[in-house]
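Residue numbering restarts at 1 for every chain, and letters A, B, ... go by the order of the sequence lines. Remember, it's a predicted structure, so these values are computed and weren't measured experimentally. As a basis for the values below, the full set of heavy atoms in this structure was taken, side chains included, without hydrogen atoms, waters or symmetry mates.
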Number of protein chains: 2
Amino acid sequence: MNIGEIAQRAGVSRSTVSYALSGKRPVSEETREKIQRVIDDLGYRPNASARALANGRTSTIGLVFPPAGDHYTGMQLDFIGSVVEAAAAYDYDVLLSPSGVDSDRSFQRLLGERRVDGAILMEIRLQDDRVEHLLAEGFPSVCIGRTAQPENDWWVGLDHTALTAACVHHLADLGHRRIAFVNRPERLLRAGYESAHRGLDGFTKAAAERGLTVRTYTCGDDAPSGQACLERILHDDPATTALVTLNEAALGGLYRGLAHAGRHVPRDFSVTGVVAARWAETVTPQLTAADVPAAELGRLAVELLVERLDQPQTPPRHQLLTPPISLRASTGPVGTPAPMVADPDLNA
Amino acid sequence: MNIGEIAQRAGVSRSTVSYALSGKRPVSEETREKIQRVIDDLGYRPNASARALANGRTSTIGLVFPPAGDHYTGMQLDFIGSVVEAAAAYDYDVLLSPSGVDSDRSFQRLLGERRVDGAILMEIRLQDDRVEHLLAEGFPSVCIGRTAQPENDWWVGLDHTALTAACVHHLADLGHRRIAFVNRPERLLRAGYESAHRGLDGFTKAAAERGLTVRTYTCGDDAPSGQACLERILHDDPATTALVTLNEAALGGLYRGLAHAGRHVPRDFSVTGVVAARWAETVTPQLTAADVPAAELGRLAVELLVERLDQPQTPPRHQLLTPPISLRASTGPVGTPAPMVADPDLNA
DNA sequence: GAACGATGTCGAACCGGTTCGACAAGGGCC
DNA sequence: GGCCCTTGTCGAACCGGTTCGACATCGTTC
């Protein structure tokens with residue numbers, strides 16, 4: 001069943017049916033009704049491929065996300081959901097593309113074969129060849145995250161620098177002097193992941209500002225790694241009284257490590273970081289954290305992309321979010337010094 | 001840049017270029033090389049819409065998943081990831097469609113407008129109008145989960161009945177006599193979600209078989225609901241010594257509730273259920289559970305769908321998985337009777 | 001009452017591929 | 001030498017929409 005059949009049954013030409021549907025030229029009320037009746041009877045829907053071929057728009061956006069080899073974090077799930085939902089509101093479908101490296105197969109598929117009108121990229125790196133490539137081509141895309149040169153690109157992002165700094169200040173205000181930083185996996189840091197780098201920067205600088213003693217760690221994206229990481233932290237400096245984590249997936253493991261070490265949260269040890277609210281709420285005690293507004297980021301990314309698609313000549317826009325720290329139950333004032341070591345800094 | 005331009009530069013006809021690329025008719029080695037050189041020079045890639053229009057195949061499969069209004073569980077994330085990855089291996093893209101109800105907009109888009117060659121459905125209900133609709137149309141699809149009449153449909157699924165029964169037997173073997181069941185949200189149970197119903201069935205029947213005293217609950221898909229649910233459980237029957245949960249997202253809340261009630265896991269209270277391994281490992285103590293092989297289910301679904309697409313006449317196939325219970329740290333023998341109530345059954 | 005603009009409809013061309021039938025050239029066979 | 005089969009290539013039709021130019025009709029306007 002195609003537009004020709006509808007036209008025949010309605011006794012009009014194919015173009016009239018097309019205009020009746022698109023409204024791009026006036027069609028008499030009478031004709032429109034006749035056509036609509038036939039369409040309803042037959043349950044006709046125009047073929048998406050034919051339409052895309054004719055008018056050059058697929059009504060689909062690509063969501064380029066990291067390969068499944070990486071563990072997914074809850075944040076990514078919320079992104080995907082909110083992107084799909086927001087896109088649907090603008091009548092766009094979402095095509096998923098597993099991709100990390102530039103110019104790999106699936107990336108080429110999306111762009112080269114014109115499967116999508118635009119793309120949203122996740123897990124941006126500071127130097128990101130995918131982003132450079134898209135920028136050079138002028139292909140409509142929006143990044144969730146920003147590269148080292150974000151000025152003339154489209155993106156939405158979190159101010160990880162400010163967020164981790166806020167965590168440090170929060171802990172310092174509570175009297176903590178020796179704190180650890182738990183980053184994303186080393187592989188991702190090496191690869192130049194934006195959040196890992198800017199988060200580390202913010203942490204380091206704020207800690208220096210406040211004169212804190214710090215150690216920084218990378219940690220695999222899963223609970224066992226988190227537990228191992230915490231053991232290393234306490235082994236390296238048993239006087240550590242707090243940590244800041246960017247690593248959502250390791251959170252459960254960090255808590256377990258603390259429990260095994262006999263450190264009570266928040267009495268003996270404070271934990272905070274940058275984590276989506278719904279994950280911060282699953283641990284006990286609930287995590288005081290800068291809540292990653294994953295759903296909002298996804299929605300904003302879609303809105304920016306749609307704007308870019310509708311008005312191709314608009315200059316680059318972007319949006320940097322800095323959610324406040326939500327006080328929950330995992331941080332508290334530094335109490336008695338840690339058991340093993342007496343450190344003069346502690347009461348300074 | 002299109003196939004005509006390639007043909008011109010290579011000095012051949014458009015059809016020859018097409019045959020050189022598809023291999024559906026012999027092309028001389030010399031011509032093939034000439035064409036390939038031009039293609040490489042220009043970085044040509046055939047337009048997906050045009051190809052789809054011409055040969056009727058989009059090389060895309062639809063993944064129909066529940067609307068974002070529902071909280072996503074970790075399981076769903078793993079599904080999506082594995083489906084995308086497996087699909088890529090067969091050269092299919094994945095189009096996400098948020099959909100719950102039958103014949104809603106996005107469902108119609110996918111099928112009516114021929115955006116996809118086939119579909120994978122998640123979150124199946126026992127009476128599922130979407131599934132019936134697809135079955136009636138003969139549209140190639142595979143369900144993750146099965147309806148009440150699964151015989152002549154394609155699906156992969158978990159034997160939730162057997163899994164919850166196994167949990168019950170595990171607890172009964174440890175001496176538990178009063179156990180609770182924590183199901184998915186009531187709304188989903190009412191809607192007829194397969195896992196919620198079959199899981200409940202398996203639980204109820206196995207408990208009856210073993211002569212256990214049980215109570216069953218529904219619980220929202222988030223940590224606060226889990227905590228509230230646990231409070232209700234202990235309020236309704238303080239002598240409860242164990243629970244079985246289907247609700248992954250509530251797990252953290254259940255644990256928190258137990259901690260607040262002063263019940264130590266697994267000394268005072270055993271917890272088990274049906275949960276993906278990576279989530280079972282994030283809680284402390286790690287959850288003894290039937291591990292949902294989400295990634296494997298996703299992969300299998302894609303394989304079945306591809307098979308169905310390649311050989312449209314194959315009779316329905318399906319695959320029911322019954323993963324074993326992984327013993328971790330959250331269950332143990334029933335110890336001293338619960339504090340409030342002495343129950344003769346306990347030592348029977 | 002002729003010129004004009006707006007309205008409504010149609011046919012044809014086009015988007016960029018795939019595929020079918022035709023045909024020429026070359027080789028093997030009797 | 002004629003016949004047939006295979007190989008290699010081409011032109012044309014087709015997939016199912018959109019869009020442009022043309023044209024007929026009708027109501028205004030001077």
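- Within residues 29-54 of chain B, the residues having any heavy atom closer than 4.0 Å to DNA chain D are, in order of number, B:Thr31, B:Leu53, B:Ala54.
- Side chain of A:Asp117 to backbone of A:Ile61: no donor-acceptor contact under 3.5 angstrom is found.
- Rounding to the nearest 0.5 Å places CD1 of B:Ile6 at 9.0 Å from CG of B:Asp41.
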Review item, side-chain donor-acceptor pairs of residues 134-148 of chain A, under 3.5 Å, at least two apart:
unit_1	atom_1	unit_2	atom_2	d
A:Ser141	OG	A:Phe139	O	3.4
A:Thr147	OG1	A:Gln149	N	3.3
A:Thr147	OG1	A:Gln149	O	3.4

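- Between the side chain of B:Ser97 and the main chain of B:Val64, no donor-acceptor pair closer than 3.5 Å is present.
- Residue B:Ser18 is in base contact, counting any heavy-atom pair closer than 4.0 Å across all strands shown.
- Residues A:Leu321 and A:Leu300 have side chains in contact (heavy-atom distance under 4.5 Å, counting atoms from C-beta outward).
- Considering only residues two or more places apart in sequence or on other chains, A:Ala294 meets the side-chain contact (heavy atoms from CB on, under 4.5 Å) condition with A:Met75, A:Asp78, A:Phe79, A:Val292.
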Could you pull out all donor-acceptor pairs under 3.5 Å where a side-chain atom in residues 311-319 of chain B meets a protein atom, sequence neighbours excluded?
unit_1	atom_1	unit_2	atom_2	d
B:Thr314	OG1	B:Gln311	O	2.6
B:Arg317	NH1	B:Glu307	OE1	2.4
B:Arg317	NH1	B:Glu307	OE2	2.9
B:His318	ND1	B:Asp153	O	3.2
B:His318	ND1	B:Trp155	NE1	3.4

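- Considering all non-hydrogen atoms of both residues, B:Tyr193 and B:Glu123 come closest at CE2-OE1, 2.8 Å.
- Where B:Ser28 and A:Ser22 each meet DNA chain D at their nearest nucleotide, the meeting point lying more 5' is that of B:Ser28.
- DNA chain D is contacted by A:Arg14, A:Ser15 of residues 4-17 of chain A, taking any non-hydrogen atom closer than 4.0 Å.
- The two atoms that bring A:Arg115 and A:Thr60 nearest to each other are O-CB, 3.8 Å, heavy atoms only.
- Of all nucleotides in DNA chain D having an atom under 4.0 Å from a heavy atom of chain B, the first and last in 5' to 3' order are D:dG8 to D:dG16.
- Scanning all heavy atoms of the two residues, the minimum distance from A:Leu95 to B:Val94 falls at CD1-O, 3.1 Å.
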